Amino acid sequence: MESIFALIFLCVTGTHVSSSPGPLEDVVIDRYDIPRVCPREVQTGDFVRYHYNGTFTDGKKFDSSHERGAPFSGQVGLGRLITGLDRGVQGMCVNERRKVTVPPHLAYGSIGAGDVIPADTVLVFDVVLLDIWNTEDKVQTRTLSKPESCKRLVEATDFIRYHYNGTLLNGVPFDSSHSRNGTYDTYVGMGYLIKGMDEGLIGMCVGETRTIIIPPFLAYEEKGYGTVIPSQATLVFEVFMIDLFNPKDDIAVVVKEVPKTCTRKTVVGDYIRYHYNGTFQDGSGFDTSYQRNSTYNTYIGMGYVIQGMDKALQGLCIGEKRRVILPPHMAYGEKGTGDLIPGSAVLVFDIHVIDFHNPKDLIEIKVTSKPKKCNLTSEVDDLIQYRYNCSLMDGTLLYSSDHYENAPITTLGANKVIEGLDEGLRGMCVGEKRVVIVPPHLGHGENGAKGVPSSAVLHFELELLDLQKGVPDGYMFVWLGDSPDPLFPAMDLNKDLSVPLEEFTAFINLQVAEGQGRKLMSFPNQSCHVYLGLHLPSSILLLPSCIQLDKALKQPSR
């Protein structure tokens, strides 16, 4: 191949090379354009396709495959070509160009060829080799790149999606999935592809790129394919595997991280909040909740999400991270969804569970510290002071009493805090600490609150700092010490010997403001009057029912 000229000798007698071969001379070969890479050279028995121009030594053209628009196809070394040309193409590489000068006795001899080629004429062929193959050829594959991890290989009956560039053996392109901006999707090993491609795709990984060379008899054979693939053409495909699955596949789960403690796992009917990254099998992303800075919230196992995700969300712990691989028949099927997810796409979700609850859940209480002596516990109507930290279940702190100068004070049962917290503060001793888990329907609900996401489960760390017993059932006000004696003059704020309801209410509110007594948050009830039991011990103001008060409040106390 280093020499510009190569001689192929015809007979044992020996010949020499000259510019005008004589009757006993052999062919003269001028390899004037040789490709740098030549994996294969033409040998006897090979089939070849080549274009040529045939001229006489004076340059006059007598034949041209280029002008006919169809290259010559035939088998080499079996006498199906004129002898000189048959031997002149041996040793050629695809895309090689050579000039082959054939003496008359290796061409058409003393007879010639009709009116086209006179007798004893030297012929000159300018040849470019397009294709070469042999009946013994097999499909050739060569891996160009491959991912480090390859847990699954393409097998017969798998459904695959791949991109490809298709060229003839001489590099002329005939088709490309990239130009159509869509993958080629098909079953493997079931006759939907040409035989060579069915064979060449077996054993590929998702993310692998390989070259597949297919001989004509495993491709489109003599018929070719339209105007793009000629008869008896060797095909070269550069294939990039996007994803694969089998119609029998179930979801695949890879657990990445599980919290140390997991008291409960998700079940059908639970409501879950989770973050996710969604990608295809080749790693390209199609969606993420993180970018929206908002969790995906849904019921589990009730058809609100695709079938595979409904199944994948079962059996998780709060804080768990897992990768879930969903085959298309458990995702968006053959149609896909819009421009986001193509048809027959395998989906990969990396999930992080933030929290979950069930609409039937009650609050959960865990006492973490409790005084040895506990004779008095908090209950409805009690005035309490408490310390708290409120977080999401992933540990994100939402708010804390430590952020304020004074710890909050509230009356239990007065609807001043969310229902779950109010309930969680009951039954506590002063000095007791506990953790209270509040489901959304007992917290801030589906709408959330300022700084609190919708449908969030809340994690409270509580400590009861102070407790003052509240107003007993049937009472609207109690004295914290001794009441004024006599009582009526104290209530008669304007000293007109009459205490109407408004003056009575003002008196009670004054006692509360001065810390002398405590009232129910609903006091007074403006829809009716109440009876002031002055005949009872002065330490308690009893308001048992809504009966007429006017006369009682207009008479001095005895």
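Every heavy atom of this structure was used, including side-chain atoms; hydrogens, water molecules and symmetry mates were not. Remember, predicted model here, so these are calculated numbers, not experimental data.
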List the atom pairs, donor and acceptor, that lie under 3.5 Å between side-chain atoms in residues 107-117 and the rest of the protein, sequence neighbours left out.
none

_Tell me which pairs pass side-chain hydrogen bond (donor to acceptor under 3.5 Å, both in side chains) where either residue lies in residues 211-236, with sequence neighbours left out._
Asp131-Thr234

*Describe, in one word, how the ring planes of Tyr187 and Tyr192 are oriented to each other, choosing from parallel (under 30°), tilted (30 to 60°) and perpendicular (over 60°).*
tilted

_Within this structure, what is the CD-CE distance for the pair Glu41 and Met92, rounded to the nearest 0.5 Å?_
10.5 Å

*How would you list all residue pairs meeting salt bridge (Lys or Arg N to Asp or Glu O under 4.0 Å) that involve residues 272-284, not counting sequence neighbours?*
Arg273-Asp355

_side-chain contact (heavy atoms from CB on, under 4.5 Å) against Tyr296, all qualifying residues, sequence neighbours excluded_ = Tyr274, Tyr276, Thr298, Val305

*Residues in ring pair (Phe, Tyr, Trp, His ring centres under 6.0 Å) with Tyr304, at least two apart?*
Tyr299

*Nearest 0.5 Å, what's the CD-OG1 distance between Glu208 and Thr141?*
8.5 Å

*Just checking, any donor-acceptor pair under 3.5 angstrom between side chains of His275 and Thr295?*
no

*Could you note down all residue pairs passing salt bridge (Lys or Arg N to Asp or Glu O under 4.0 Å) where residues 186-195 supplies at least one of them, sequence neighbours left out?*
none

*For His66, side-chain contact (heavy atoms from CB on, under 4.5 Å) partners two or more places apart*: His51, Asn53, Ser64, Val128

*Measure the CG-CD1 distance between Asp361 and Ile437 for me, rounded to the nearest 0.5 Å.*
11.0 Å

*I would like to know whether Tyr271 and Phe356 meet ring pair (Phe, Tyr, Trp, His ring centres under 6.0 Å); could you show each step before the answer?*
CA-CA 5 Å; Tyr271 191 87; Phe356 66 86; over 10 Å; no

Expected list for residues 196-203: side-chain donor-acceptor pairs under 3.5 angstrom, two or more places apart:
residue	atom	partner	partner atom	Å
Asp198	OD1	Gly189	N	2.7
Asp198	OD2	Gly191	N	3.4

_Residues that Pro173 engages under side-chain contact (heavy atoms from CB on, under 4.5 Å), provided they are two or more places apart_ = Thr167

_Looking at Lys256 and Asp350, is there a salt bridge between them, counting it only when a charged N and a carboxylate O are closer than 4.0 Å?_
yes

_Side-chain donor/acceptor of Thr266 to backbone N/O of Leu316, under 3.5 Å_ = yes

*Can you measure from OG (Ser400) to CG (Leu398) and round to the nearest 0.5 angstrom?*
10.5 Å

*Is there a donor-acceptor pair under 3.5 Å between the side chain of Thr288 and the backbone N or O of Tyr290?*
yes

*Assess whether atom CZ of Arg142 is packed by more than 12 heavy atoms of other residues, nucleotides or ligands within 6.0 Å.*
no

_Verdict with supporting geometry, Asn297 and Ser455, side-chain hydrogen bond (donor to acceptor under 3.5 Å, both in side chains)_ = CA-CA 8 Å; Asn297 308 335; Ser455 300; 5.0 Å; no

*Checking Asp310 side chain against Gly301 main chain: does a donor-acceptor pair fall under 3.5 Å?*
yes

*When rounded to the nearest 0.5 angstrom, what distance separates CD in Glu257 from NZ in Lys321?*
4.5 Å

*Can you sort out the partners of Cys205 under disulfide (SG to SG under 2.5 Å), two or more places apart, ordered by chain and number?*
Cys150

*Do Lys61 and Asp126 meet the salt-bridge criterion of a basic N to acidic O distance under 4.0 Å?*
no

_Please determine whether the number of non-hydrogen atoms from other residues, nucleotides or ligands lying under 6.0 Å from atom CD of Gln314 exceeds 12._
yes

*Nearest 0.5 Å, what's the CZ-OG distance between Arg49 and Ser73?*
5.5 Å

*Mind checking whether His444 and Tyr399 have parallel, tilted or perpendicular rings, split at 30° and 60°?*
perpendicular

Show the atom names and distances, to 0.1 Å, of all donor-acceptor pairs under 3.5 Å that link a side chain in residues 235-252 to residues at least two apart or in another chain.
residue	atom	partner	partner atom	Å
Asp243	OD1	Arg161	NE	3.3
Asp243	OD2	Arg161	NE	3.3
Asp243	OD2	Arg161	NH2	3.2
Asp243	OD2	Val346	N	3.0
Asn246	OD1	Lys248	N	3.1
Asn246	ND2	Thr157	O	3.4
Asn246	ND2	Thr157	OG1	3.1
Asn246	ND2	Asp158	OD1	2.9
Asp249	OD2	Arg152	NH1	2.8
Asp249	OD2	Arg152	NH2	3.2
Asp249	OD2	Asn246	N	2.7
Asp250	OD1	Lys311	NZ	3.1
Asp250	OD2	Lys311	NZ	2.6

*Identify, with sequence neighbours excluded, every residue that meets side-chain contact (heavy atoms from CB on, under 4.5 Å) alongside Glu334.*
Ser344

